[in-house]
Number of protein chains: 2
Amino acid sequence: MNTERVSEDRIFAALASPVRREVLRLLREEGPQPVQRLAEHFAMTRPSFSEHLRVLRETGLVTENKVGRQRLYRLEALPLNEVQQWLRPFERFWRDRLTGLRDLLDQMDDES
Amino acid sequence: MNTERVSEDRIFAALASPVRREVLRLLREEGPQPVQRLAEHFAMTRPSFSEHLRVLRETGLVTENKVGRQRLYRLEALPLNEVQQWLRPFERFWRDRLTGLRDLLDQMDDES
DNA sequence: ATGACAGGTAGGAAATTTCCTACGTATAGT
DNA sequence: ACTATACGTAGGAAATTTCCTACCTGTCAT
C-alpha cells in the first residue's frame, strides 16, 4: 500500500480546481470509472482533462488501473485526511461563532 | 452577523496558498493582530502580503477593524464550514482506508 | 495487418497568480 | 504644520495554471 505522504500544499492546490473537486465527487458517488465517462461531465478537450487527472494522480487522490484499453480511475480519499486535520483546530472557532460565543472565546487563551 | 455565502470555489482557492493558510493559523493561535506583526513571518514585501490579506478578506475568512493607525485582523473561521461540509461525504472512504492500514500494521506488529 | 478507439504527452497561447517598486491615504507624535 | 508610521492601491514583470491542437502509444476488432 502506498503510504507516501504528499505535501499539504499540493493537496490544497489540487482541490483548488472545481473540475478536480467534481471528479472526486463523481468517483465517490458513482464508483471507479474510465476517463471517457468522467470526461462527459466537462466542457473541455480530453488532453486538458487528462492534465487534471495527472494532478489528482500525483497527489494520490486517485489511482488508475488499466482494463483493456480503458483506464479505470478510482478515488483514494486518504490524502483528504490531511485537509481534515488542518481544519480541525479551526472547528471550535466557527462552531462557537454559530452559537454566539465569540466574545467568550476572545477572553480565553486557548491551551490545548 | 454576516450570513453572506462566499462560493466554495473562492474559499478553496484562498486556501491553496501556503501563505494564506499560515495567516489563518497565526490568527487562530495568537489571536487578532495588526498587519505588521503578521507580516513578520513572511519573506515578502508588505504590498504583496497585503494582497494575500485582501484575498482572505474577500472570502470572509478574516475581518479587519481599525485601531489607531493599525488594522487588527481577526480570524473568521465560519467559511471553513464549507470546506468541512465538502469533505464530509469522503470521510468514510479514507476512514475505511485508515482502518485497513491500521489492521495491516497490527498484523505486522503481531508477526515481529 | 489495418483501422478504430482510449487515453496519454508535447508544445505553446492565454489567463491567472504572485511578487515587485512606486505612490497614496490616514493617523499619531512633535 | 511637519514628519514618521501603518497599510493600502496601481501598474507591471515573472511564474504558474489552464486549455488548446497535434501527435504518440497501446489495445481491440476485422
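Letters A, B, ... are given to chains in the order of the sequence lines, protein chains preceding strands, and every chain is numbered from 1.
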* Asked: Between CD1 of A:Ile11 and CG of B:Leu15, what distance do you get to the nearest 0.5 Å?
  -> 13.0 Å
* Which side-chain hydrogen bond (donor to acceptor under 3.5 Å, both in side chains) pairs, counting each pair once, include a residue from residues 35-47 of chain B, with sequence neighbours left out? -> B:Thr45-B:Ser48
* Structure fact -> Walking DNA chain D from its 5' end, the first of B:Glu51 and A:Ser17 to be reached, judged by nearest nucleotide, is B:Glu51
* Mind checking side chain to side chain donor-acceptor pair (under 3.5 Å) for B:Glu51 and listing every partner two or more places apart, or none if nothing turns up? => B:Arg54
* Asked: CG/B:Leu53 to CZ/B:Arg20 distance, rounded to the nearest 0.5 angstrom?
  -> 10.0 Å
* Asked: For A:Glu64 and C:dG8, what is the distance between atoms CD and C1' respectively, to the nearest whole Å?
  -> 9 Å
* Asked: Considering residues at least two apart in sequence or located in another chain, which fulfil the side-chain contact (heavy atoms from CB on, under 4.5 Å) criterion with B:Pro89?
  -> A:Arg28
* Structure fact -> Rounded to whole Å, the CG-P distance (A:Asn65 to C:dG7) equals 12 Å
* Is A:Ser50 near enough to C:dG7 that one of its side-chain N or O atoms lies under 4.0 angstrom from OP1 or OP2? -> no
* Go through the structure and list residues passing ring-ring contact (aromatic ring centres under 6.0 Å, His included) with B:Tyr73, not counting sequence neighbours. => none
* Structure fact -> The correct set of residues in residues 34-46 of chain A placing a heavy atom under 4.0 Å from DNA chain D is A:Met44, A:Thr45
* Asked: How many Å lie between CD on B:Gln70 and C1' on D:dA4, as a whole number?
  -> 14 Å
* **Distance, rounded to the nearest Å, where A:His52 contributes NE2 and D:dC19 contributes C1'** => 8 Å
* Asked: Atom CG of A:Leu72 to atom P of C:dA6: distance rounded to whole Å?
  -> 14 Å
* **B:Ser48 side chain near C:dC20 phosphate (N/O to OP1/OP2, under 4.0 Å)** => yes
* To the nearest angstrom, how far is B:Leu53 atom CG from D:dA6 atom P? -> 15 Å
* Asked: Which residues satisfy the salt bridge (Lys or Arg N to Asp or Glu O under 4.0 Å) test with A:Glu64, sequence neighbours excluded?
  -> A:Arg71
Which protein N or O atoms sit under 3.5 Å from an N or O of nucleotides 13-17 of chain C?
none

* Quick one: A:Arg54 CZ to D:dC19 P, roughly how many Å, whole number? -> 14 Å
With 3.5 Å as the limit, what N/O pairs link the protein to nucleotides 22-30 of chain D?
none

* Asked: Does A:Arg25 have any salt bridge (Lys or Arg N to Asp or Glu O under 4.0 Å) partners at least two apart in sequence or in another chain, and if so, which?
  -> A:Glu22, A:Glu29
* **Residues which pass side chain to side chain donor-acceptor pair (under 3.5 Å) with B:Arg21, listed by chain and number, not counting sequence neighbours** => A:Glu8, A:Asp9
* Take the protein atom CZ of A:Phe49 and the nucleotide atom P of C:dT9, then report the distance between them rounded to whole Å. => 14 Å
* **Phosphate contact (C:dA6 OP1 or OP2) by A:Tyr73 side-chain N/O below 4.0 Å** => no
* Structure fact -> Residues passing the ring-ring contact (aromatic ring centres under 6.0 Å, His included) test with A:Phe49, sequence neighbours excluded, are A:Phe42
* Structure fact -> Applying salt bridge (Lys or Arg N to Asp or Glu O under 4.0 Å) to B:Glu91 and not counting sequence neighbours gives B:Arg95
* **Pairwise side-chain contact, A:Phe90 with B:Gln84, heavy-atom cut-off 4.5 Å (strictly under)** => no
